[in-house]
Amino acid sequence: MAVSATNAPLSGLSRRLVQDGLIAEDAVIHAIKGAEAQHIGLVAYLVDRQLVSADKIAVAASSEFGVPLLDLDAIDLDMEAVKSVDQRLLAKHRVLPLLLRGKRLFLGVSDPTAHAAIDEIKFQSGVRVDPIIVEQDKLDALVGKALEAVD
């Protein structure tokens, strides 16, 4: 069985989005290249350009990686959790601390493959970091509000 060259770069979330019929294979390959050129994540690129809706990406990511999914509209912002992470890291990685329980931080992310962000926050905070999938557009809005509230 021959494998086409265009199938090779697709793995993880990008493959899942194509399999679920949310985006065409050539469009996601183009999006991957565009996201790399702009030094942003694939999820942010897709949502910013309205190629795939944030809620559909969140559901697909949760299912693909087995990471819990949370609707940010259903929670109140925990300022103690937000203050536990350097604000520059929150702005840089566009992630949001949701809950701090002992030595465990639940971190809202739109892309669970953003290992650099998770590792950097784990190192800075000194606690275990568990990612929780949230919608990119809601995450961006809430990160902005959280950063303003801390100031």
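Keep in mind that the numbers below use all heavy atoms, side chains included, and drop hydrogens, waters and symmetry copies. Computed from a predicted model, the values in this text were never measured in an experiment.
- Side-chain N or O atoms of Glu25 include none that pairs as donor or acceptor with a backbone N or O of Val18 at under 3.5 Å.
- For Asp119, the salt bridge (Lys or Arg N to Asp or Glu O under 4.0 Å) test picks out no residue, with sequence neighbours left out.
- A distance of 13.5 Å separates CD in Glu64 from CD1 in Ile57, rounded to the nearest 0.5 Å.
- Scanning for salt bridge (Lys or Arg N to Asp or Glu O under 4.0 Å) contacts around Asp137 gives an empty result, with sequence neighbours left out.
- To the nearest 0.5 Å, atoms CG (Asp130) and NZ (Lys122) are separated by 8.5 Å.
- Considering only heavy atoms from C-beta on, Leu90 comes within 4.5 Å of Pro97 through its side chain.
- Among the candidates Leu100, Ile121, Val127, Val129, the single residue satisfying the side chain to side chain contact (heavy atoms under 4.5 Å, CB included) test with Val85 is Ile121.
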- Task: Please assess Leu96 against Val134 for the test side-chain contact (heavy atoms from CB on, under 4.5 Å), listing each intermediate value before the final yes or no.
- Result: CA-CA 10 Å; Leu96 184 66; Val134 296; over 6 Å; no
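- For the salt bridge (Lys or Arg N to Asp or Glu O under 4.0 Å) test, residues two or more places apart in sequence or in another chain that qualify with Arg94 are Asp140.
- In this structure, the separation between CD on Gln124 and CZ on Arg88 is 8.5 Å, given to the nearest 0.5 Å.
- Applying the salt bridge (Lys or Arg N to Asp or Glu O under 4.0 Å) rule to Arg101 yields no partners; only residues at least two apart in sequence or on another chain are considered.
- Here the CD1 atom belonging to Ile132 is positioned 9.0 Å from the OG atom belonging to Ser62, to the nearest 0.5 angstrom.
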Please set out all donor-acceptor pairs under 3.5 angstrom arising from side-chain atoms of residues 68-80, sequence neighbours excluded.
unit_1: Asp71; atom_1: OD1; unit_2: Asp73; atom_2: N; d: 3.1
unit_1: Asp71; atom_1: OD1; unit_2: Lys138; atom_2: NZ; d: 2.7
unit_1: Asp73; atom_1: OD2; unit_2: Lys138; atom_2: NZ; d: 2.9
unit_1: Asp78; atom_1: OD1; unit_2: Glu80; atom_2: N; d: 3.1
unit_1: Asp78; atom_1: OD1; unit_2: Ala81; atom_2: N; d: 3.4

Only distances under 3.5 Å count here; give the side-chain donor-acceptor pairs of residues 27-52 to other protein atoms, sequence neighbours excluded, each with its distance to 0.1 Å.
unit_1: Gln38; atom_1: OE1; unit_2: Arg49; atom_2: NH2; d: 2.7

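- Judged as a side chain to side chain contact (heavy atoms under 4.5 Å, CB included), and not counting sequence neighbours, the contacts of Ser53 are Asp55, Lys56.
- Taken from CD1 in Ile118 to CZ in Arg128, the straight-line distance is 12.0 Å, to the nearest 0.5 Å.
- Put simply, OG on Ser125 and CZ on Arg104 are 13.5 Å apart, with the number rounded to the nearest 0.5 Å.
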Hey, can you pull the donor-acceptor pairs under 3.5 Å for the side chains in residues 105-112, sequence neighbours left out?
unit_1: Ser110; atom_1: OG; unit_2: Gln136; atom_2: OE1; d: 2.4
unit_1: Asp111; atom_1: OD1; unit_2: Thr113; atom_2: N; d: 3.0
unit_1: Asp111; atom_1: OD1; unit_2: Thr113; atom_2: OG1; d: 2.5
unit_1: Asp111; atom_1: OD2; unit_2: Thr113; atom_2: OG1; d: 3.1

